[in-house]
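Below: the structure, in structure tokens.
We're numbering straight along the sequence, starting at 1.
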Amino acid sequence: MGNPNIIPNAWPKGGPSWDGIAVLTDKNGEKTLLLFEAKARKGELSSKCKATNSDSFDSIKDKLNSTRDKLGLKHNVDWMIKYFQFANRLAFHNYLQNENIKVALICIYFANDPYWTKENYTDIVEWKKAIKKEKDYFGIDNAF
């Protein structure tokens with residue numbers, strides 16, 4: 001699967017934190033790294049980069065712009081300010097693929113959680129709208 005200990009400076013030591021990580025081994029012994037990102041309400045989709053060191057900020061921005069260019073996604077949006085966490089997930093996924101690590105990014109969205117207040121409660125229809133809005137922001141079509 002390659003060497004997952006090679007993490008560039010664009011991420012904190014040890015890489016980004018995931019909601020879950022697993023390794024899937026197929027019948028031929030080939031391994032795939034599974035990276036899970038889970039959300040319980042649509043408000044969790046929005047995030048911005050919180051780096052305060054200008055060198056760190058610039059390094060992160062360069063990594064995200066490089067990923068955006070490689071994936072052929074929209075150039076007229078700033079990945080640092082609206083959906084930063086997802087942008088970071090795309091960049092890390094892309095980085096691992098470039099290191100010849102077979103990897104899958106799996107996003108899990110929990111719907112109808114009765115413990116959220118009315119303004120945070122997210123049903124399936126709301127999730128579909130929020131996910132479409134996020135994909136449109138990046139220029140990701142359903143085939144991506």
State whether a side-chain donor-acceptor pair under 3.5 Å links K63 with N88.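 No, N88 and K63 have no side-chain donor paired with an acceptor closer than 3.5 Å.
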Identify, with sequence neighbours excluded, every residue that meets side chain to side chain contact (heavy atoms under 4.5 Å, CB included) alongside [X].
X   : value
S47 : F84, Q85
S54 : none
K74 : N76, V77

How many angstroms lie between [atom1] in [X] and [atom2] in [Y], if you round to the nearest 0.5 Å?
X    : Y    : atom1 : atom2 : value
H93  : L71  : NE2   : CG    : 9.5 Å
L105 : Q97  : CG    : CD    : 9.5 Å
L73  : T67  : CG    : OG1   : 9.5 Å
D123 : Y121 : CG    : OH    : 6.0 Å

Exercise. Evaluate side-chain contact (heavy atoms from CB on, under 4.5 Å) for L45 paired with K133, printing each intermediate quantity in order.
Key: CA-CA 10 Å; L45 294 178; K133 186 176 176 182; over 6 Å; no
Scan for ring pair (Phe, Tyr, Trp, His ring centres under 6.0 Å) pairs involving residues 19-75, sequence neighbours excluded, and state none if there are none.
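Matches after skipping sequence neighbours: none remain.
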Pairing residues for [X] by the salt bridge (charged side-chain N to carboxylate O under 4.0 Å, His left out) criterion, not counting sequence neighbours:
X    : value
D78  : K61
E37  : K39, R89
K48  : none
E126 : K42

Tell me every residue that passes side-chain hydrogen bond (donor to acceptor under 3.5 Å, both in side chains) with [X], counting only those two or more places apart in sequence or in another chain.
X    : value
D62  : none
R41  : none
N120 : T117

Walk me through it: do L24 and K31 pass the test side-chain contact (heavy atoms from CB on, under 4.5 Å)?
CA-CA 6 Å; L24 177 68; K31 297 180 184 306; over 6 Å; no
Any side-chain heavy-atom pair of [X] and [Y] under 4.5 Å:
X   : Y    : result
F92 : V103 : no
V23 : L34  : no
L64 : R68  : no

Between the side chain of N28 and the main-chain N/O of E30, is any donor-acceptor distance below 3.5 Å?
no
Note to self: For A38, is there any backbone N or O sitting under 3.5 Å from a side-chain donor or acceptor partner on D19?
What the structure shows: yes
Exercise for review: Return the orientation label for the Y137 and Y83 ring planes: parallel under 30°, perpendicular over 60°, tilted otherwise.
Suggested key: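 Judged by the thresholds at 30° and 60°, the geometry between Y137 and Y83 is perpendicular.
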Run W127 and Y109 through ring pair (Phe, Tyr, Trp, His ring centres under 6.0 Å) and show every step you take. CA-CA 7 Å; W127 267 125; Y109 305 98; 4.9 Å; yes
Worked check of side-chain contact (heavy atoms from CB on, under 4.5 Å) between I21 and L33
CA-CA 7 Å; I21 300 174; L33 180 63; 3.6 Å; yes
task: Examine I131 and W116 and state if one hydrophobic cluster contains both, with Ile, Leu, Val, Met, Phe, Trp and Tyr joined whenever side-chain heavy atoms are less than 4.5 Å apart.
output: no
Closest approach of W79 to A87 (non-hydrogen atoms, all atoms of both residues):
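Result for this residue pair: CE3-CB, 3.4 Å.
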For I60 and A51, the nearest pair of non-hydrogen atoms, with its separation, is CD1-CB, 3.9 Å
Kindly determine whether F110 and T122 satisfy side-chain contact (heavy atoms from CB on, under 4.5 Å), including the steps that lead there.
CA-CA 8 Å; F110 295 98; T122 307; over 6 Å; no
* To do: With sequence neighbours left out, write down each residue that passes ring pair (Phe, Tyr, Trp, His ring centres under 6.0 Å) with F86, or none if nothing qualifies.
  =>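 Checked F86 against ring pair (Phe, Tyr, Trp, His ring centres under 6.0 Å); matches are F138.
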